[in-house]
Every structure is written in structure tokens, then in C-alpha cells.
Amino acid sequence: MSDEEVVLQSPLLYRVLRGRDGALSIEVLVGGIVQFEVRVLLNDEETASFAKEGRAFADRMAQAIMADPPFDGRSVRWPVL
């Protein structure tokens, strides 16, 4: 059983998760021939934007992460299971 709740799953190959502590993160599938997932913990401003805009905000953030997977050093590579 996972400690995370899937808040939003998108056909754009990402999902927004809520941890046990209530913190939100976004997990995005990135890459071309070699694909992997990266995860970014949303900061307070991003969490507020997600609460206000929902999927539209998450779509923009996922696209920004796909374009730059290191995401200014904020992303963590996550194993694909």
C-alpha cells in the first residue's frame, strides 16, 4: 500500500501526488528512447497555484519539466516500476 494519494493523473504522462504529510509533488515521465520519471516537490506558491488552477497549472508545470528534466536542480529521478 502506498503512502501517497494520486490527486490527478493526466494523459500527458504525469501525475500529481499527495504524501502522508500533505505535501504535493508532480511525477513526470521524461526522455526519448530512454524514459524515466522525475519527481518535483511543489513549493508553497506552486501548491497554491495548483489549488486555484488545477489541471491547467499541472499541465504547464509538467511541460516545463519535460522540456528541462533537471528543473533547476529541483527534480529527483524516480525509478519506473
Side-chain angles (χ1 to χ4, degrees):
M1 182 150 173
S2 175
D3 288 345
E4 299 170 310
E5 169 193 2
V6 176
V7 177
L8 174 66
Q9 179 125 14
S10 170
L12 289 177
L13 304 177
Y14 75 83
R15 56 192 192 152
V16 176
L17 304 160
R18 183 180 318 277
R20 255 194 173 153
D21 60 359
L24 293 176
S25 60
I26 186 167
E27 185 178 80
V28 183
L29 186 64
V30 298
I33 294 172
V34 176
Q35 293 187 327
F36 57 97
E37 291 177 337
V38 295
R39 196 178 274 203
V40 174
L41 183 63
L42 274 62
N43 62 29
D44 291 340
E45 182 180 323
E46 293 161 343
T47 298
S49 293
F50 178 72
K52 181 178 179 183
E53 300 177 53
R55 183 180 296 272
F57 171 78
D59 284 352
R60 288 193 311 274
M61 188 161 183
Q63 289 169 352
I65 294 168
M66 287 176 195
D68 178 29
F71 204 63
D72 294 327
R74 292 181 53 204
S75 71
V76 177
R77 191 167 177 163
W78 208 255
V80 177
L81 302 175

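Count residues from 1 along the sequence.
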With rounding to the nearest 0.5 Å, note down the distance linking CG in D44 to OG in S49. 11.0 Å
Tell me the closest heavy-atom pair linking S75 and P69, and the distance in Å. OG-O, 2.6 Å
Give me each pair satisfying side-chain hydrogen bond (donor to acceptor under 3.5 Å, both in side chains) with a member in residues 65-74, each pair once, sequence neighbours excluded. E46-R74
Side chain proximity check, V7 to F50, heavy atoms < 4.5 angstrom: yes
Using 0.5 Å steps for rounding, measure from the CZ atom of R15 to the OG atom of S25. 9.0 Å
Are V6 and V76 connected in the hydrophobic side-chain network, where two residues link if heavy atoms are under 4.5 Å apart? no
Any side-chain heavy atom of M66 within less than 4.5 Å of one from V28? yes
Mind listing the side-chain donor-acceptor pairs of residues 16-23 below 3.5 Å, one per line with the distance, residues two or more places apart or on another chain?
unit_1 : atom_1 : unit_2 : atom_2 : d
D21    : OD1    : A23    : N      : 3.0

With R55 via side-chain hydrogen bond (donor to acceptor under 3.5 Å, both in side chains) - residues at least two apart: none
Within the structure provided, determine whether F71 and V38 are in side-chain contact (heavy-atom separation under 4.5 Å). no
Reported CD-to-CG distance for the pair E37 and L29, which is rounded to 0.5 angstrom: 6.0 Å
Are Y14 and L41 connected, step by step, through hydrophobic side chains (Ile, Leu, Val, Met, Phe, Trp, Tyr) whose heavy atoms are closer than 4.5 Å? no
State the CZ-CD1 distance between R39 and I65, to the nearest 0.5 angstrom. 11.5 Å
Contact between D59 and S10 at the side-chain level, heavy atoms closer than 4.5 Å - yes or no? yes
